[in-house]
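As structure tokens, the structure follows; a few thoughts come after it.
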Protein chains: 2
Amino acid sequence: MGQGRVVSAAEQSLGVLIRKLESIASLSPQERQALTGLSVTVRTLSAGQDIVRDADRTTQCCLVVQGWTGRYKLLTRGRRQIFSFHVPGDIPDLESLFRPVMDHSVATLTKATVAFIPHESLRELIAAHPGLAAVFWRSTLIDGAVFRAWMLGLGRRSAFEHMAHLFCELYLKLRAVGLAGDGRCPLPITQVDLGDALGLSNVHVNRVLQVLRGQKLISLHSSTLVIEDWPALVRISEFDPEYLGLEKLVAT
Amino acid sequence: MGQGRVVSAAEQSLGVLIRKLESIASLSPQERQALTGLSVTVRTLSAGQDIVRDADRTTQCCLVVQGWTGRYKLLTRGRRQIFSFHVPGDIPDLESLFRPVMDHSVATLTKATVAFIPHESLRELIAAHPGLAAVFWRSTLIDGAVFRAWMLGLGRRSAFEHMAHLFCELYLKLRAVGLAGDGRCPLPITQVDLGDALGLSNVHVNRVLQVLRGQKLISLHSSTLVIEDWPALVRISEFDPEYLGLEKLVAT
DNA sequence: CGTGATCTTGAATACGGTCAACGGTAGTGG
DNA sequence: CCACTACCGTTGACCGTATTCAAGATCACG
């Protein structure tokens, strides 16, 4: 990082977590300090690996440090619904702290680094710092708000509008933690994954992407999404960023 | 109630709340006691009234005491998506405690009695009783789990499977608070509402209902849903009640 | 350079939507 | 008590979005 200092994997993980939490709330110095005291175990996984499985009983949460993960559930006949994408700083299974039996799975969508945090540590942390409990609670509430936004897309938006909405969401979410900007953000997932999130077939995802590109709304280059016409995307998808609960919503 | 004692509207409201919370967690006597100390304002509304509106900034939560309410959001061209149904004991906008600006609306779906609880009172309550904070947090997490179940239906289930799944969910949810049993539960909403929850047109809701009745899976009589073949409904919709977070899952 | 995954395209099909009309029913007011 | 009204449920005909199936092209990685 050009800082002339070796940063351990654990320190890096907690830095990523703090950056994320500060994108949705403000932390006191004591709270930041307390967070850096968390004990974590860092692991690197290849794409397509399950981190936690449906029906598992968990004793730790997983923090995404690098790469993307997703929550999903399978039905018969190979049907899969992805419920959320998770990027560095997110804790996809934070809820397992209060509902340890999983009702869905969490998996890597790309090669990813994840840090495991024991429930025990998190429980001590929030008992000692009620402010942090509120931040984590708030974080799960934002997850819920994102679920609702996706429901609206799944139920009532056209495939075209829905995809446009998702791209708006991903761009802002990534920018909030410093992983996007200048109209560009990484999109390191396959069209199948995109379809499983949008409730579409991979074939239709491909066709809708072609329309979005054809209308000069976006473009794609080697797994990066370029927002070519933000105002149009926002208008078409009726996108309102309020639900993301981001502290600062500046710049493009 | 045949108890030879007058029960005030406020007492009744809190009783309904306690019954609901006990369906998803166990409360200590002190916690129950503390809950009964909440100050509430009770109101009765006709069907189709907004209780809180998208973009409102709130200072209180609303507890459903009687009747059904729902959370929803509108898009252009009259499109509406209902995100959840709320029955007596539910607090549809509990999240507003930590996210006071609404990203959706809450409305009555039937004539309903609701009790308003100031954020201030709830905040004092959970500060004094961390156990209750955990119960409320858990309640918002269960809401999230229900959102995911609906997403799976919206994205990957057929209309037929999706509706069957919803009926299984509603039946168990109502039974858990004593409002259903013996294979019957109230279903006091219109086919339009059902469609807006399932992401379907009212016309298609009507047709799917006919198939469900034709296959002797359910029947409908004056706003009550009769489950005629529970095992078949569960099998068809791949229903697994785990996500509802109910403490006891006994009997039919 | 080879191989499996991913992306792309076309053709046929199905699921659910839209539009329009009609019927039933509960509530209202004369 | 009946007529009127508004809302809800029901039905039919037609249409459109998205799926399925199948094949071929391209890409990424070992």
Side-chain angles (χ1 to χ4, degrees), chain A residues 46-49 67-68 75-82 107-111 153-164 166 186-214 218-225 236-237, chain B residues 46-49 68 75-82 107-111 153-164 166 186-214 218-225 236:
Chain A
S46 59
Q49 304 296 305
W68 285 30
L75 290 177
T76 52
R77 275 172 280 141
R79 293 173 293 180
R80 178 174 72 148
Q81 178 67 43
I82 292 180
T108 56
L109 298 173
T110 68
K111 183 168 183 295
L154 287 163
R156 291 308 191 199
R157 276 191 246 261
S158 69
F160 182 72
E161 297 164 338
H162 191 187
M163 197 179 293
L166 177 61
L187 188 72
I189 57 175
T190 66
Q191 293 184 2
V192 171
D193 293 335
L194 218 40
D196 285 345
L198 295 168
L200 301 172
S201 67
N202 60 334
V203 174
H204 201 55
V205 165
N206 187 280
R207 289 175 176 144
V208 172
L209 277 173
Q210 289 181 46
V211 177
L212 281 165
R213 284 183 291 204
I218 62 157
S219 60
L220 291 165
H221 307 103
S222 56
S223 295
T224 101
L225 167 68
I236 287 166
S237 63
Chain B
S46 60
Q49 302 298 305
W68 285 31
L75 289 178
T76 53
R77 274 172 280 142
R79 294 173 293 179
R80 179 174 71 148
Q81 178 67 45
I82 292 180
T108 57
L109 298 173
T110 68
K111 183 168 181 297
L154 287 163
R156 292 307 193 199
R157 277 191 246 260
S158 69
F160 182 73
E161 296 163 339
H162 191 186
M163 196 178 295
L166 177 61
L187 188 71
I189 58 174
T190 66
Q191 293 183 4
V192 171
D193 293 335
L194 219 40
D196 285 344
L198 296 168
L200 301 172
S201 67
N202 60 335
V203 174
H204 202 57
V205 166
N206 186 282
R207 289 176 173 141
V208 172
L209 277 172
Q210 290 181 48
V211 177
L212 282 165
R213 284 183 290 204
I218 62 158
S219 59
L220 291 167
H221 308 102
S222 56
S223 295
T224 101
L225 167 69
I236 286 165

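Residue numbers begin at 1 in each chain, while the letters A, B, ... track the order of the sequences. Every heavy atom of this structure was used, including side-chain atoms; hydrogens, water molecules and symmetry mates were not.
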Expected list for residues 197-206 of chain A near DNA chain D, using heavy atoms below 4.0 Å, is A:Gly199, A:Leu200, A:Ser201, A:Val203, A:His204
For D:dT10, take OP1 and OP2 only and decide whether either is under 4.0 Å from a side-chain N or O of B:Arg213.
yes
So, the side chain of B:Gln81 versus the backbone of B:Ala197: is there a donor-acceptor pair under 3.5 Å, distance only?
yes
If only atom types and distance count, is the side chain of B:Ser46 paired as donor or acceptor with the main-chain N or O of B:Lys111 below 3.5 Å?
no
B:Leu225 versus B:Leu220: any side-chain heavy-atom pair under 4.5 Å?
yes
Nearest whole Å is fine: how far is D:dT17 P from A:Arg207 CZ?
13 Å
State which residues pass side-chain contact (heavy atoms from CB on, under 4.5 Å) with B:Ala47; sequence neighbours excluded, sorted by chain then number.
none
To the nearest 0.5 Å, atom CG of B:Leu154 lies from atom CG of B:Leu200 at 8.5 Å
Could you state the CE-C1' distance from A:Met163 to D:dT17, rounded to the nearest angstrom?
14 Å
Mind checking side-chain contact (heavy atoms from CB on, under 4.5 Å) for A:Ser201 and listing every partner two or more places apart, or none if nothing turns up?
A:Val203, A:His204
Side chain to side chain donor-acceptor pair (under 3.5 Å) filter on B:Thr76, not counting sequence neighbours, yields A:Glu238, B:Arg79
The complete set of salt bridge (charged side-chain N to carboxylate O under 4.0 Å, His left out) pairs with one or both residues in residues 191-200 of chain B, sequence neighbours excluded, reads A:Arg156-B:Asp196, B:Arg80-B:Asp193, B:Arg80-B:Asp196
Quick check for you: name the first and last nucleotides of DNA chain C, 5' to 3', having an atom under 4.0 Å from a heavy atom of chain B.
C:dG16 to C:dC19
Kindly write out the residues that satisfy side-chain contact (heavy atoms from CB on, under 4.5 Å) with A:Ser158, not counting sequence neighbours, or none if the list is empty.
A:Phe160, A:Glu161
Separation of atom CZ in A:Phe160 from atom C1' in D:dG16, rounded to whole Å:
17 Å
Could you go through residues 206-214 of chain A and list every donor-acceptor pair under 3.5 Å that involves a side-chain atom there, pairing it with any protein atom two or more places apart or in another chain?
| residue | atom | partner | partner atom | Å |
| --- | --- | --- | --- | --- |
| A:Asn206 | OD1 | A:Gln210 | NE2 | 2.5 |
| A:Asn206 | ND2 | A:Gln191 | OE1 | 3.0 |

In degrees, rounded to 10°, what is the bend between the two ends of the helix from C:dC1-D:dG30 to C:dG30-D:dC1, using five pairs at each?
50°
Tell me: CD of A:Gln191 to P of D:dA18, nearest whole Å?
16 Å
Using heavy atoms to find the nearest nucleotide of DNA chain C for A:Arg156 and A:Ile189 separately, return the residue whose nucleotide is more 5′.
A:Ile189
Dump every N/O contact between nucleotides 23-30 of chain D and the protein below 3.5 Å, one line per pair.
none

Residues in side chain to side chain donor-acceptor pair (under 3.5 Å) with A:Ser219, at least two apart?
A:Glu228
Per atom distances to the B:Thr190 side chain, the nearest of D:dA18, D:dA13, D:dC8 is D:dC8
Answer yes or no: is there a donor N or O on one side and an acceptor on the other, between the side chain of A:Thr224 and the main chain of A:Pro186, under 3.5 Å?
no
Can you see if the side chain of B:Gln210 gets near the phosphate of D:dG9 - specifically, an N or O under 4.0 Å from OP1 or OP2?
no
Euclidean distance, A:Arg157 CZ relative to A:Leu198 CG, rounded to 0.5 Å
11.0 Å
